[in-house]
2 protein chains.
Amino acid sequence: MIEIRHLQLLQKVAATGSLSAAARELGFSQPAASQQMRALERSVRTPILLRNPGNTTLTEAGEILLQHAEEVLARLALAKKEIAAITNLESGTVRLASFPSSSATILPRALSMVSQQHPGVHFTLVEAEPPESLSLLRQGSCEIVIGYTYRRPLETEPQGLLRIPLCDDPLHLALPRGHRLAGKTQPVSMNQLRRERWIAGCPRCRRQLVETCQDAGFEPDIAFSTDDYLAVRSLVSEGFGVALLSGLMLSSVRLGTLELCAVKPAPVRAISAYTTPALAKVPAVRATLEALATISRKLRAEGGPGPLPVSG
Amino acid sequence: MIEIRHLQLLQKVAATGSLSAAARELGFSQPAASQQMRALERSVRTPILLRNPGNTTLTEAGEILLQHAEEVLARLALAKKEIAAITNLESGTVRLASFPSSSATILPRALSMVSQQHPGVHFTLVEAEPPESLSLLRQGSCEIVIGYTYRRPLETEPQGLLRIPLCDDPLHLALPRGHRLAGKTQPVSMNQLRRERWIAGCPRCRRQLVETCQDAGFEPDIAFSTDDYLAVRSLVSEGFGVALLSGLMLSSVRLGTLELCAVKPAPVRAISAYTTPALAKVPAVRATLEALATISRKLRAEGGPGPLPVSG
DNA sequence: GCCTCCCATAAGTAATGCCAATGACAACGC
DNA sequence: GCGTTGTCATTGGCATTACTTATGGGAGGC
């Protein structure tokens, strides 16, 4: 078998015209060089060197091999360089999957932070809600997923994945203008909502809504379900019902004629980043995750994901 | 250090999506594959594989390395193929250096013989007389030298070179038409030539002539020396003197108005092929040397190098 | 639930590659 | 002429490497 070190040595021998000199330059002994060249000749089954003391040259086969060796070594050097660029965050792409609210808030700030420090790193983003987005991660279609989980119902921690908690996203009660509870400065108890009609979000959010209400001792009257949060907002505005909307989402859309107030006990969804243990070792992925964590810390310091919005 | 086998394995892993399958296809155990990939990742200091059981894929760095690996492996395969072509006598070039008489006789027949059996082998030829031609050989400018040595003066066997005796080339006495010795059917004794004026050839031939005459008990009267054998021929024709001309040379040029007869004791020069021990192992060189030996055997069977030429 | 497939790890063994020392050979200088 | 210096080849010993078998853990499928 031809080995890389054989090619390197061959190159040196051709350059210096001497086995000894080549060995010296490569930092090993002359017998080692002799044996390597012998092994090379054995592996290609033909003489490569013409060993004239002090003037060792190549046979025709040797010259051909040398040409290819130059090419191969250059290729390998290039490969190392390109890979080094990736490890040094001078190039590379991180593919993210995230749900819309995050894409509009945490994510841009984190990615911008990475981009400033490492202009060579690029990103792609697809929008996907947690169950599907984690599949993307598992099947290798992305490196990082931004997802959320509700405390209730207790969702099973995804297997084999790494979860990086980012921040908690409290849900707020959205009311139409003029609603009896509008304008309350104190948090509204869930108990006070047992007679309301509800607008629910995506299936998981709907399930979460149901369980939250059950905890409060009633079954919610869900008049409408949609995963389009702009639709939820409009339906609430029109007086169709009330809804629980995430602070993160509310911080990124215009409120329109919505009234908001806090809820007690506050339902919360946990925003997390997900990746695989292996991907967490990729520098660009690691840097992105760290930026996400940093931005989340900042958000928490600023008082949660999106300040409690004021209507209007 | 990146190794070839790492690249081969990487290729297989990328193709099969599994370390185990790749190991099986390459004929070694799964732990070996695992260790190799680990070594590769250590050598490039970054993760290469995303080890999802049953669906092992490559990281971005891995994909880059894979691209280069394909290129490198293809190069090496090409190198092997080209070298195999040389060892199988399907390509390659043999550079020869030879003196004119040989270039016109033995050499063409031998080369044509090689060419017929191995059409892919090519030749180059430079004309050079022995002392210089052997330098060409030593400095790597050619692979085979056709040269000659005289028995007297005893020339030192060239050091470190391989000599393949080809044939003996007897010298004939060339006389102008009408010379007193012209037309003799019996060999002429050197003794009978002590009063002649001589035309001598190249320095070595001249030295040989002197010694031959000294052996016969006289000092030759050398009227002219030239390494141009056509000039020698013409000078003899013009009655300028007599000369010793090689049978090989005489068999390849028109005699003109020359008269020839044998000499006793017959001065002989030995035609040999020279190469280096290392070059003798190169298939194309070996084949050419064998062809030269074969052709020489044929020449000897036909009664020496060039039949004793008849004048006219 | 068990079973199977995949990968990682550990320990032992075989092979490989290197070094130091020595030998042979040719070239250079005195 | 002969020693000296350079080259490369060879040998024996040692250290490293790289493979093997055996075992364990984790994920997915029936």
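Computation of the quantities below employed the complete heavy-atom set of this structure, encompassing side-chain atoms and omitting hydrogens, waters and symmetry-equivalent molecules. In what follows, chains are A, B, ... by sequence order, proteins preceding strands, each numbered from 1.
The side chain of A:Q36 approaches C:dC18 more closely than any other nucleotide in the set D:dC19, C:dC18, D:dT10. Taking only side-chain atoms of B:F28, from C-beta outward, the nucleotide of D:dC8, D:dT20, C:dC19 with the closest atom is D:dT20.
In this structure, A:R42 places its CZ atom 11 Å from C1' of C:dT16, rounding to the nearest Å. Between B:Q35 atom CD and D:dT20 atom P the separation is 9 Å, expressed in whole Å. One interatomic measurement links the two molecules: CZ of A:R51 to C1' of D:dG6, which rounds to 17 Å at whole-angstrom precision. One can place CE of A:M1 at 14 Å from P of D:dA18, the figure rounded to the nearest angstrom. Residue A:L50 contributes atom CG, which lies 17 Å from atom C1' of C:dC25 at whole-angstrom precision. Rounded to whole angstrom, the span from the CZ atom of B:R38 across to the C1' atom of D:dT17 amounts to 17 Å. In this entry the distance linking CG of B:L40 with C1' of C:dC7 reads 17 Å, nearest Å.
Side-chain contact between B:T46 and B:E41 is absent, with no heavy atoms from C-beta onward closer than 4.5 Å. In this structure the side chain of A:T87 never reaches within 4.5 angstrom of the side chain of B:R45, judged on heavy atoms.
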Nucleotide by nucleotide, nucleotides 22-30 of chain D touches protein heavy atoms under 4.0 Å in the pattern (B base, S sugar-phosphate only, - none) B----S---
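In terms of phosphate contacts, B:S29 brings no side-chain nitrogen or oxygen within less than 4.0 Å of OP1 or OP2 of D:dC19. Between B:T56 and C:dC7, a side-chain N or O to OP1/OP2 separation shorter than 4.0 Å is present.
In this structure, B:E82 does not pair ionically with B:R75, as no charged nitrogen and carboxylate oxygen lie closer than 4.0 Å. Salt-bridge check for B:E70 with B:K12: failed, with every basic side-chain N at 4.0 Å or more from each acidic carboxylate O.
The residue B:A32 sits close to a base: some heavy atom pair falls under 4.0 Å.
Considering CD of B:Q11 and CG of B:L7, their distance stands at 8.5 Å, rounded to 0.5 Å. For the atom pair A:I48 CD1 and A:E63 CD, the distance stands at 10.0 Å (nearest 0.5 Å). Within the model, atoms OG of A:S29 and CZ of A:R24 stand 11.5 Å from one another, a figure rounded to the nearest 0.5 Å.
Only B:S18, B:L19, B:S20, listed by number, bring a heavy atom of residues 2-27 of chain B to less than 4.0 angstrom from any atom of DNA chain C.
Without hydrogens or angle criteria, B:T56 side chain to B:S18 main chain gives no donor-acceptor distance under 3.5 Å.
Under the side-chain contact (heavy atoms from CB on, under 4.5 Å) rule, A:L111 has a single partner from A:T288, A:L292, A:V94, which is A:T288.
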